[in-house]
Each structure stands twice: as structure tokens, then as C-alpha cells.
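This report concerns only the one structure given below.
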Amino acid sequence: MTLLTAIATHLPAPLVERQLAYLRALSPRSRFVVCYGGDPSEFADLDPTDAVYIDDPSLRGPHFDKSLNQLLNQLYEAFVRDEPDIEFVYLVEYDQLILTDDFDSKLVALAQA
């Protein structure tokens with residue numbers, strides 16, 4: 001069973017790439033993708049195989065006005081629908097920090113329990 005970790009972010013592309021590099025070094029067997037809701041010109045600098053642009057103004061507004069409907073739909077279409085091995089999706093925001101290399105197996109075990 002595979003867990004896909006999706007990071008919702010609006011940060012500039014160099015910071016997104018730095019975060020991905022950290023996560024991939026920490027947990028090389030895990031799969032990370034980006035749901036980008038920031039400036040389209042910054043998105044153009046990201047690897048399109050690992051990122052999807054979310055053109056939803058609510059993601060750039062106050063936290064209590066955010067809607068994840070479009071994000072979840074585009075995440076599914078871009079990374080989950082055609083990947084039968086992905087059984088779980090873990091959606092985090094850019095400011096959540098993953099600290100252990102086995103976070104994904106712990107989350108899957110918790111979900112199965």
C-alpha cells in the first residue's frame with residue numbers, strides 16, 4: 001500500500017524545492033507532490049511531474065474562507081486516479097514539519113487500525 005504525501009503551498013519555487021529536497025532526503029522511499037496555490041510564475045519553475053497548480057483564489061485568502069474542493073479534485077486527477085498503488089493520501093500544509101523517515105508507515109498503520 002502506498003501513501004502519497006501532498007503539500008499545499010504558496011511559497012516561492014526555491015523554497016518549495018528546498019522543502020521537497022529536505023523531505024526526500026529524510027524519507028527517500030516516500031512520495032511527495034505539491035499542490036501549488038501561489039503565483040503562477042513561481043509555479044512555472046516547479047517540476048510539473050511533482051506539482052499541480054490550483055487556480056483557486058480561496059487558497060490565497062483568509063484561512064477560514066479556504067475551500068479544499070478544487071485542490072482535492074486536482075490532486076486526485078493529477079496524481080491518484082491513474083496510480084492504482086496509491087491507497088492513502090496525506091495532505092499537509094507547507095508549514096507542517098515531518099520529522100521521521102517512517103512517518104508514512106505509521107500513518108498507514110493508524111489508518112488501517
*Where is the tightest heavy-atom contact between F32 and S27, given as atom of each residue plus distance?*
CE1-O, 3.9 Å
*Quick one: closest heavy-atom pair of L46 and E17, and the distance?*
CD2-OE2, 3.4 Å
Are the side chains of [Y] and [X] in contact, using a 4.5 Å heavy-atom criterion?
X	Y	result
L23	F103	no
Q19	V34	no
L3	T5	yes
I86	R31	yes
F79	V52	yes

How long is the straight-line distance from [atom2] of [Y] back to [atom1] of [X], given to the nearest 0.5 Å?
X	Y	atom1	atom2	value
D56	L71	CG	CG	8.0 Å
D85	L4	CG	CG	11.5 Å
L26	L99	CG	CG	7.5 Å
I7	I98	CD1	CD1	6.5 Å
L91	Q96	CG	CD	8.0 Å
T9	L15	OG1	CG	8.0 Å

Scan the side chains in residues 35-44 for donor-acceptor partners under 3.5 Å anywhere in the protein, sequence neighbours excluded, and list what turns up.
from: Y36; atom 1: OH; to: H10; atom 2: O; distance (Å): 3.3
from: Y36; atom 1: OH; to: L11; atom 2: O; distance (Å): 2.7
from: D39; atom 1: OD1; to: S41; atom 2: N; distance (Å): 2.8
from: D39; atom 1: OD1; to: S41; atom 2: OG; distance (Å): 2.8
from: E42; atom 1: OE1; to: A13; atom 2: N; distance (Å): 2.6

*Are V16 and L97 connected, step by step, through hydrophobic side chains (Ile, Leu, Val, Met, Phe, Trp, Tyr) whose heavy atoms are closer than 4.5 Å?*
yes
_Assess the residue pair R24 and D50 against the criterion (salt bridge (charged side-chain N to carboxylate O under 4.0 Å, His left out)); give the C-alpha distance rounded to whole Å, side-chain angles, the decisive distance to 0.1 Å, and a yes or no._
CA-CA 12 Å; R24 289 176 176 148; D50 295 328; 3.1 Å; yes
